[in-house]
Protein chains: 2
Amino acid sequence: MGTECHHADGAHPGIKGHALTHALGAAETRCAATQERLTAPRRRVLELLLGADGPQKAYDLIAAFGEHGEPAKPPTVYRALEFLERLGFAHRIESLNAYVPCRIDGTEHRAAFLICDCCGAAEEFEPDFTAQLKAAEAAGYEVATITLEARGRCPACRAD
Amino acid sequence: MGTECHHADGAHPGIKGHALTHALGAAETRCAATQERLTAPRRRVLELLLGADGPQKAYDLIAAFGEHGEPAKPPTVYRALEFLERLGFAHRIESLNAYVPCRIDGTEHRAAFLICDCCGAAEEFEPDFTAQLKAAEAAGYEVATITLEARGRCPACRAD
DNA sequence: CGGTGAACGTTATTTCGTAACATGGTGGCC
DNA sequence: GGCCACCATGTTACGAAATAACGTTCACCG
Ligand SMILES: [Zn+2]
Ligand SMILES: [Zn+2]
Ligand SMILES: [Zn+2]
Ligand SMILES: [Zn+2]
C-alpha cells in the first residue's frame with residue numbers, strides 16, 4: 001500500500017494447514033456454546049481472513065470465495081462479515097475499508113489497530129481506553145463500542 | 001441515525017450569520033499565515049460544514065454546494081475536503097463516511113469523537129492518547145495519526 | 001510578459017455496500 | 001411424520017462513495 005517504501009503488503013502472515021484447521025475448529029466450538037451457527041459461507045470467509053497476509057477488502061474476499069475461482073455474490077460475503085464481526089471473530093478497519101481476523105484471544109473486547117502506511121500491515125493490540133471512557137462519561141455519553149486506528153510505520157518499515 | 005429513538009438528526013447545531021462569517025474569516029487568517037489559500041470551493045465546503053447541524057456526507061455537500069441548487073462535481077468537494085482535513089479545519093468520521101468541522105480551538109490535534117447512534121450527533125473531544133501511544137511505542141510503531149470513534153448514546157437520547 | 005506549479009472543471013469509471021424478494025434448511029410442536 | 005416459524009442463503013439489481021485521467025485556468029515569480 002505504501003508509497004514510501006518497498007516492503008511487501010501486510011507483514012502479518014496468515015495461518016495455514018493444521019493451524020488453520022484448528023482455529024476454525026475453535027471458532028466452531030465457540031459458536032456452538034452460544035447457539036450460533038458457523039455455516040459454510042461464514043466459515044469460508046473466516047478461513048480466507050485467517051489465511052490472508054493482511055487486511056482483506058470485501059471484494060478481495062468476494063473474488064477469492066469460490067474454491068475454483070468463481071466469485072461469491074456481494075451479499076454472501078457482507079453477511080458473513082457482519083456475523084463474524086458480531087461474534088468477535090473479525091474486525092473491520094474503517095480507514096482501510098478492510099477486514100482482519102481477530103488476533104486477541106478470549107471473547108469480547110474493544111478493537112484497536114496499529115496500521116503501517118508503508119507495507120499495509122495491521123496489528124491488533126489490547127487498548128487501554130480508561131482515559132477516553134472517562135471523558136465520554138464526563139460528557140454524559142453512554143458508550144457502546146470504541147475503535148481506535150493509529151496510522152504510522154511498523155518496525156520493519158522504519159528500518160527501511 | 002437511530003433506529004432506537006425519535007430525536008432529530010445531529011444534535012450539534014451549526015453556526016449562522018455573523019458567527020459563520022467570523023469563523024470563515026478566522027480560517028482565512030490561519031491559511032494566510034501558512035501560505036495556504038482558502039479558495040472559493042474550499043471556503044464554500046467549510047461554510048457548509050460549519051452551518052450544518054451534524055456530520056455531512058460528501059454527497060450531501062455535493063448536492064448543497066451550488067448557491068441555487070446546482071450540485072458540484074464530486075472531485076470539487078473531495079478535493080476541498082482533503083484540503084480542509086490537511087489543515088485541520090475538518091475531520092472525516094470513518095465509521096459514518098461523513099465529515100464535520102473541527103470544534104477544537106487551536107492548531108493540530110488528534111481527533112476523537114463521541115457519536116450518538118440514536119440522533120446522529122457527533123461530538124469532538126480532546127482525547128488523552130497517552131496509554132495507546134505507549135502501547136504503540138512498545139510495539140515499535142512510529143505513529144503519525146490516531147483517530148478514535150466511540151459509538152453510543154448522547155445525554156439527550158439517554159433521557160428518551 | 002512568459003514560465004511554473006497549484007488548483008480547478010469535466011467526463012467517465014471504479015469501488016464499496018445494500019434493498020428486495022425468492023428459495024432452502026433446521027428445529028419445535030402437534 | 002407433517003406442519004409451521006425462523007433463520008440463513010441465493011440472486012438480481014441498484015445506490016452510494018470515491019477516484020482516474022486530462023485539459024484548462026489562475027496566481028505568483030522572475
Ligand atoms: Zn480482536
Ligand atoms: Zn510496514
Ligand atoms: Zn478537531
Ligand atoms: Zn442522541
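Here is how names work: the chains are called A, B, and so on, in the same order as the sequence lines, proteins then strands, and each is numbered from 1. Worth knowing before you read on, the calculation uses all heavy atoms, side chains too, and leaves out hydrogens, waters and symmetry mates.
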Roughly, in whole Å, what's the span from [atom1] in [X] to [atom2] in [N]?
{"X": "B:F83", "N": "C:dA7", "atom1": "CZ", "atom2": "P", "answer": "8 Å"}
{"X": "B:L61", "N": "D:dA16", "atom1": "CG", "atom2": "P", "answer": "15 Å"}
{"X": "B:L38", "N": "C:dC8", "atom1": "CG", "atom2": "C1'", "answer": "15 Å"}
{"X": "B:E36", "N": "C:dA7", "atom1": "CD", "atom2": "C1'", "answer": "12 Å"}
{"X": "B:E82", "N": "D:dT19", "atom1": "CD", "atom2": "C1'", "answer": "11 Å"}
{"X": "B:I93", "N": "D:dA18", "atom1": "CD1", "atom2": "P", "answer": "13 Å"}
{"X": "B:F65", "N": "C:dT10", "atom1": "CZ", "atom2": "C1'", "answer": "14 Å"}
{"X": "A:E94", "N": "C:dG17", "atom1": "CD", "atom2": "P", "answer": "8 Å"}

Is there a side-chain contact between [X] and [Y] in this structure, where contact means two heavy atoms from C-beta onward sitting under 4.5 Å apart?
{"X": "B:L81", "Y": "B:L49", "value": "yes"}
{"X": "A:T147", "Y": "A:R110", "value": "no"}
{"X": "B:F89", "Y": "B:C31", "value": "yes"}

Test of understanding: with salt bridge (charged side-chain N to carboxylate O under 4.0 Å, His left out), list the residues that count as partners of [X], not counting sequence neighbours.
{"X": "B:R92", "result": "B:E94"}
{"X": "B:E124", "result": "none"}
{"X": "A:E28", "result": "A:R43"}

Show your working on side-chain contact (heavy atoms from CB on, under 4.5 Å) between B:C118 and B:C154 and close with a plain yes or no.
CA-CA 8 Å; B:C118 169; B:C154 74; over 6 Å; no

Can you give me the N/O atom pairs linking the protein to nucleotides 13-16 of chain C at distances under 3.5 Å, or say none if there are none?
unit_1 : atom_1 : unit_2 : atom_2 : d
C:dC16 : OP1    : A:K57  : NZ     : 2.8

Per the side chain to side chain donor-acceptor pair (under 3.5 Å) rule, what does the pair list look like for residues 76-89 of chain B, sequence neighbours excluded?
B:E36-B:R86

Which residue pairs pass the side chain to side chain donor-acceptor pair (under 3.5 Å) test when at least one of the two sits in residues 16-27 of chain A, sequence neighbours left out?
none

Residues forming a side chain to side chain donor-acceptor pair (under 3.5 Å) with A:S95, sequence neighbours excluded
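A:E149, A:R151.
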
End axis versus end axis in the helix from C:dC1-D:dG30 to C:dC30-D:dG1, the angle rounded to 10°, five pairs used at each terminus:
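It comes to 20° between the two terminal axes.
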
Report, one pair per line, the protein and nucleotides 23-25 of chain C atoms (nitrogen or oxygen only) whose separation is under 3.5 Å.
none

Pairs involving residues 130-146 of chain B, ordered by first then second residue, that meet salt bridge (charged side-chain N to carboxylate O under 4.0 Å, His left out) (sequence neighbours left out):
A:R153-B:E142

Mind jotting down which residue pairs meet the ring-ring contact (aromatic ring centres under 6.0 Å, His included) criterion with at least one end in residues 111-141 of chain A? Sequence neighbours excluded, please.
A:H91-A:F113

Return the polar atom pairs (N/O with N/O) between nucleotides 9-13 of chain D and the protein under 3.5 Å, or none.
unit_1 : atom_1 : unit_2 : atom_2 : d
D:dT9  : OP1    : A:T39  : OG1    : 2.3
D:dG10 : N7     : A:R79  : NH2    : 2.6
D:dG10 : O6     : A:R79  : NH1    : 3.4
D:dG10 : O6     : A:R79  : NH2    : 3.4
D:dT12 : OP2    : A:K73  : NZ     : 3.4

For residues A:I93 and A:A122, report the shortest heavy-atom separation together with the two atoms involved.
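It is CD1-CB, 3.7 Å.
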
